[in-house]
Every structure is written in C-alpha cells, then in structure tokens.
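Data first, discussion second: the structure below is written as structure tokens.
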Amino acid sequence: MRLGVDARRRPLAWAGITAAAALLAAAGCGGGSGGPAVGPPPVTVADADAGEALFRRNCSGCHTFGHGDHLGPDLSVRNPSANWVRNFIADPASWIGTGYGQRLRDAWGYTMPDYGLSAAEIDDLIAFFERQDGRGPLAPSAPVALDAGAFEQARQTYFDRCAGCHGLVRSGATGPDIGQVRSTWIGTDGLAALMRHGTPRGMPNFGTSGTLGESQIAQLAAYLQQPPPEPPALPMSAIQASWRLTVPVGARPTAPQHARDWRNFFGVVERDASKVSIFDGASRELVARLDVGFAVHILRSSASGRYFQAIGRDGLVSLIDLWAAVPGVVASVKGCHDARSVEGSRMAGHEDRFLVEGCYWPPQYVVYDGQTLEPLARVDLPLDSIDGATLPEVRVASIFGLRDQPLWALALKESGWLALVDYTQPGFPIVQRIAGERFLHDGGWDAAGRHLLIAANASRRMVAFDMQRRELAASFETGDTPHPGRGANWLDPQYGWVNVTPHLGEPKVSIYGADPVGRPDVAWKVVRELTLPAAGSLFVKTHPNSPWVLFDMTMSTTHARQVCAYAKASGKIDRCFDVARAGKAVHFEFDRDGKQVWVSDWASDGAVVVLDAVTLQEVARIGGLVSPTGKFNVHNTAEEVY
C-alpha cells in the first residue's frame, strides 16, 4: 500500500512522505501536496538501473525500500504523485513550512539537504522507485570479502575514525549501536552511504570530505557486518614497561628558563600529525613542536600550570614541562589502548602530585606519579549500569579534579555513574558512585565551582552533580545529543548565572539556569533556546571579558566552516560567519585576558585563526599546521575559565 491511499491509517508515515523526499537529498529522494507550485514533468528518458545505483550509493544511508524506516522513511511507502516527489527532491527546503513538507520536518527533525541532482538523475530515481514497486523489497549489496590483512586494516580504520562515538565493541553511546545485528540490517549499501555522506545528526561525511577512500569504506562496511574482535587487555606489567622518564625531576629547572609569559602559552593539537605545538599567546610565535600520542584528544594543565598533560587516543600520556628553555616532553606512559581523559591532583597540598588516566579501553583507570608518570595503580571499572545491567564496555569519558577535596570525579560513560576516586587512600580506590544518567560524556564546572554539569548525550540530557553534597542535583532534557565540551558560564541579564550546551543531533542551543543559590527559580531549567544554521556543533566557549558566546558547527555537512556568535547582552545570535578556509572550524580558546580567541581551521593544510574577541575580526592566521583541532591556554585550562 502506498501512503496517501489511506493516510488515516499511517499518520507518521504520512508525515514521512515529505520526510522521505527531504532526506533523499542526502543523496536524492522524496514525498505530498502543498508548497511551491509543481511544474510539469520534464521530457526525459529515465533509466531505472541508474536510479537504483544512485539510490544505493547515496540515498540508502537514510532510506530503505521495503525494509522499514531508518534515519528517514521507507520509500516503498511514499507520496503517490511522482511529479510532487520530483519537485521536492529538486528543492527540498522550499517545501518546509507547507503542509506535507512541514510534516516531514516535524516527523524527522531535519530537512533533507539539496544535493543539486540534475533533472535526469531525479527522473532516474523515480523510475527506479516505480520499477521496484513491482519487485518488492530491495536487497542490499553483498559485502566485500575480507582476508586477514583487509580485516586488520578495517579494524584499525574503525579504531581511528569510529570507536570514539560507537564504542570499541560497537554497542553505541554518542553514536548509535552498529554491532553485527544492526549493521547487517542497515546493509552494505546503507553503511557505505552513511560513511560517504554523513548525516544531519552529526555523523561525519568521511567519503565526500576525502577522509576515507572508497576501498576503506567498502572494507568498513564488511567489517561492521562481522562480530567485533575481542579487544585486548593491558595489564600493569605492560603499563610499567611503557614508562619513559626522559628528564628526571632533579634535572628540571626550579624556575622558568625563558622570559615568556608561560601562563599565556597555547597548546595546539595537530591531531593527525601526532604532535602538539606550543605557541606564545602574546606574540603568536611557535615555541616548540613536540611528538606525542596518536590523535591527541585534549591537553590538561596541571594545578600549578607548569605542565601540560597530553592524552592520545592510543592511551599515551605525555608530560610537557613549560619551564624548560624549550618546552619538551619529560615523561610518558601508556595506560590504555584507547583513551580520552587525563587529570592531575588539584587539592591544596597535593597539586601536581598525582595524575589519573581514564581508559576507553580496557575498562580501567591508571594512577601515576604526577611528576614522573611512574605507574602506581591500575584499577578495574565496575561494569554495572545505574539501572542494574551488566555492560560489556564502560569508558571513562571525562575526569574532573576537585579543589576542596582529594578526589577525582570520573564520568563513566555507558553506565551513568559518576565515580569518585580518593587519591589519599592506598590503591586509589573508587570511594563513592553517584547515579546520574546513562552515557555521561563531556562537561565542566558551573561558575561557583560547586556543580559538575555533564552531558548525558545519548539520553538527551544535562546532569548537574552537587560536589559539596556529593549527590545528584538535577537532570533535565535539552535536545538531541548535547555536546558542550567544558561548557560556558556567564551572567545573563535576565536569568543570572547560566550555562549552555549545543547539540550534535539538531541545530539547537539550550541555555539553562545554573545558580541554585541566587536564582533557584530557574536553576537547572532551560531558559533560552536558540537555533543555529545546522546541527553538528561540538564546542561552545566564552570568557568573562568577552561579550560573546561562540559555537561551532564542525560536524555539519553544510556549515562546517562557520561559527556563530551569541550576544550576552541581547540574548540572541548576533551573527554566523565563515572562519575556516581549508577545512572545518572547530574549538575555541581565548587568551589569558580574553582579548583574542583562537579557532582551528581543521584540515591537513590547516591553520589557527585568531579573532579579536570584541569585534570578531580576523587579526592573524597561523598556518603550516597539520589537522589542528583543540587549543588550550595554560591559565584558562588550569583555572577552569570557560
């Protein structure tokens, strides 16, 4: 039965009619009535075989034919008017706000992009739809065969590009479950199309961006339809064997050996080069370029600010001494196969004494001497969730050092627990767990430094933990896949202290009250919602001396070069503008005084773009960088200024 024959029986699918068409532009497909005038069909000779090839290559990432709804509706049930579908695919955005077009937008949460298909290509798609109506469900293409070498290549590609969002065992978290059962349902064509084009909900366009070649995509599509290999353990003996002490503590300077303002240094991650570049924030001169772990995720400043602590995706921790005449790596150690987080001890009397690394895999954390990185303890994570399930994978997504207690707070992603580790007790045990929401990810402190505000991204929520009372303060919904980074704090003229999260899965910004003492009436409630030009925002940042709150849209397939500036005074988005030239605009960091803000142009031939923090005009562009991503100012990172 086609939707439209009896719309009363399938109201959601009816909304999906236009949704189908809107999503089909991710590759080219569509669906009702209402909206712009529908012109006469062009006179062409359609090719159903070409339409099928186009559907498999492009449309199948969001749609199936006779297999059920996916990220968009099943197109075996679609609007009966081929001419309407044809016009919809040609210009999907023009139908939003009209009857069927708006129902599509409401049902699926986003509008299908316009991929600029020719009239002949659109006719080929429609010819394919009509031919397939008489044949039934479209079976996916068979996966390519993987020999041992190809399987290992695909396994490594998955680790490099996919595991962070989908998990090493592919059970999902920030991204959805893509285990063997789910991946086989999506099929070879759909998996390849998703990797090729991405989605409006934050999946990167690895193929069209040039990140992955077609052979890699084909290998990955086959790999995902097989059982995940058993990830290896990493015992204490192996961690100890990896430890390297390059410069003993006694050989390090007792005062800075240069005249630069090292507290205004920036550490810039060159992700694909496995390097960190240190820049003088005042002169923007390169101070040092250092080899560190693969795909460094973040830099943390030690409590004193003297050391940068780099954590690579390969689990390698590097300790960088900023007091040396030329900053360099003084120690390194590998405590995980896959990692994202590291943090030092911050309580008075314990500054820089210990350091903890949280693993994505294996499910463990490792504690080191903060000056030498000598391994001191390896602790297994509990694998139970807050709702009592036993999990195959629990990852440490982010770590926070408390200043008034000898504790680290570890966000245990899949399980939903916030685990408190006491570094004054033998063995560095977990002494308490606070139940939050499942899939805890990134976050930071409120303005008072009392509450941890962490995104539970797959649960669509922000979670506030009261760290004085060591209890859950609030959990509230914000939108599809919140991803705030460390977040941002500022005084709103109407609501007092607020914090904010953008979202990967929709073009929404949620600003919420974050002062339960001064403004209990709006604390932990969304007080403003903004709309960005596209979903796919990874980071937000501000500074006390800046009038702006800045958002990127890095994972968008349409607006990745832009950033948007929210005006604190007016409570509105003031402007969105291009920053990146070569790649994608990602991540912000202000200098110590908040006079300038650095933004990455993320590309193999990338740059850091320096903007005036008031006018937002470009004042400098630091080129010659390989895939620059995160930037970390010593003062702001050590003092949690965001």
Side-chain angles (χ1 to χ4, degrees), residues 168 231-246 248-249 293 297-298 300 302-304 307-320 329-384 391 393-403 405-415 417-434 440 467 470:
L168 215 59
L234 190 62
M236 188 62 165
S237 58
I239 298 170
Q240 291 168 330
S242 74
W243 176 42
R244 300 288 183 271
L245 181 60
T246 310
V249 175
H297 190 63
I298 62 168
R300 291 293 291 152
S302 64
S304 68
Y307 296 104
F308 265 141
Q309 304 149 350
I311 179 66
R313 286 246 356 240
D314 56 359
L316 184 70
V317 180
S318 302
L319 191 66
I320 301 169
V329 176
V330 296
S332 64
V333 67
K334 177 182 171 71
C336 314
H337 291 302
D338 188 2
R340 298 294 188 283
S341 53
V342 67
E343 179 63 288
S345 52
R346 295 189 175 273
M347 183 180 173
H350 293 81
E351 298 97 333
D352 301 4
R353 184 176 177 184
F354 300 111
L355 183 143
V356 63
E357 176 184 13
C359 296
Y360 260 33
W361 189 269
Q364 63 190 34
Y365 63 89
V366 185
V367 179
Y368 309 103
D369 182 287
Q371 298 288 317
T372 67
L373 298 188
E374 178 184 2
L376 302 177
R378 186 199 66 81
V379 182
D380 291 325
L381 295 174
L383 296 178
D384 62 309
L391 304 171
E393 181 177 26
V394 172
R395 297 179 285 179
V396 180
S398 50
I399 307 176
F400 310 90
L402 279 65
R403 294 181 182 274
Q405 301 175 65
L407 298 173
W408 291 305
L410 279 60
L412 305 187
K413 189 175 182 72
E414 284 78 7
S415 71
W417 293 105
L418 185 71
L420 304 184
V421 175
D422 189 333
Y423 48 75
T424 63
Q425 293 195 22
F428 308 96
I430 294 175
V431 293
Q432 183 182 349
R433 291 190 299 169
I434 307 171
L440 296 175
M467 299 312 296
R470 295 196 198 177

Closest non-hydrogen atom pair between [X] and [Y], with its separation:
{"X": "Ala397", "Y": "Ser341", "value": "O-CB, 4.0 Å"}
{"X": "Ile399", "Y": "Gly358", "value": "CD1-N, 3.6 Å"}
{"X": "Ile430", "Y": "Pro382", "value": "CD1-CD, 3.9 Å"}
{"X": "Val333", "Y": "Ser242", "value": "CG2-OG, 3.5 Å"}
{"X": "Ala411", "Y": "Leu440", "value": "CB-CB, 4.0 Å"}
{"X": "Gly293", "Y": "Ser318", "value": "N-OG, 4.3 Å"}

I want to check something: taking the side chain as every heavy atom from C-beta on, are [X] and [Y] in contact at a cut-off of under 4.5 Å?
{"X": "Arg395", "Y": "Arg340", "answer": "no"}
{"X": "Arg378", "Y": "Pro235", "answer": "no"}
{"X": "Phe428", "Y": "Leu376", "answer": "yes"}
{"X": "Leu418", "Y": "Arg433", "answer": "no"}
{"X": "Glu357", "Y": "Ile239", "answer": "no"}
{"X": "Arg313", "Y": "Asp338", "answer": "yes"}
{"X": "Cys359", "Y": "Val396", "answer": "no"}
{"X": "Pro232", "Y": "His337", "answer": "yes"}

**Request:** Evaluate side-chain contact (heavy atoms from CB on, under 4.5 Å) for Val379 paired with Val367, printing each intermediate quantity in order.
**Result:** CA-CA 8 Å; Val379 182; Val367 179; 5.7 Å; no
Quick one: does any side-chain atom of [X] pair with a main-chain N or O of [Y] as donor and acceptor, under 3.5 Å?
{"X": "Lys334", "Y": "Cys336", "answer": "yes"}
{"X": "Gln432", "Y": "Arg470", "answer": "yes"}
{"X": "Ser345", "Y": "Phe354", "answer": "yes"}
{"X": "Glu343", "Y": "Leu410", "answer": "no"}
{"X": "Gln405", "Y": "Met467", "answer": "yes"}
{"X": "Thr424", "Y": "Pro406", "answer": "no"}

How many angstroms lie between atom [atom1] of [X] and atom [atom2] of [Y], to the nearest 0.5 angstrom?
{"X": "His350", "Y": "Arg403", "atom1": "NE2", "atom2": "CZ", "answer": "15.0 Å"}
{"X": "His297", "Y": "Tyr360", "atom1": "NE2", "atom2": "OH", "answer": "6.0 Å"}
{"X": "Ser415", "Y": "Asp384", "atom1": "OG", "atom2": "CG", "answer": "7.0 Å"}
{"X": "Tyr365", "Y": "Leu412", "atom1": "OH", "atom2": "CG", "answer": "9.5 Å"}
{"X": "Ile298", "Y": "Ser398", "atom1": "CD1", "atom2": "OG", "answer": "8.5 Å"}
{"X": "Trp243", "Y": "Glu374", "atom1": "CH2", "atom2": "CD", "answer": "4.0 Å"}

**Asked** Which word best sums up how the rings of Trp408 and Tyr423 line up, parallel for under 30°, tilted for 30 to 60°, or perpendicular for over 60°?
**Response** tilted
**Message:** Quick one, Glu414 with Leu381, criterion side-chain contact (heavy atoms from CB on, under 4.5 Å). Give me CA distance, side-chain angles, the key distance, then yes/no.
**Reply:** CA-CA 11 Å; Glu414 284 78 7; Leu381 295 174; over 6 Å; no
**Prompt:** Should Ser302 and Gln309 be marked as a side-chain contact (heavy atoms from CB on, under 4.5 Å) after you check the CA-CA gap, both sets of side-chain angles, and the distance that decides it?
**Reply:** CA-CA 7 Å; Ser302 64; Gln309 304 149 350; 3.6 Å; yes
**Asked** Side chains of Gln371 and Tyr307: donor-acceptor distance under 3.5 Å anywhere?
**Response** yes
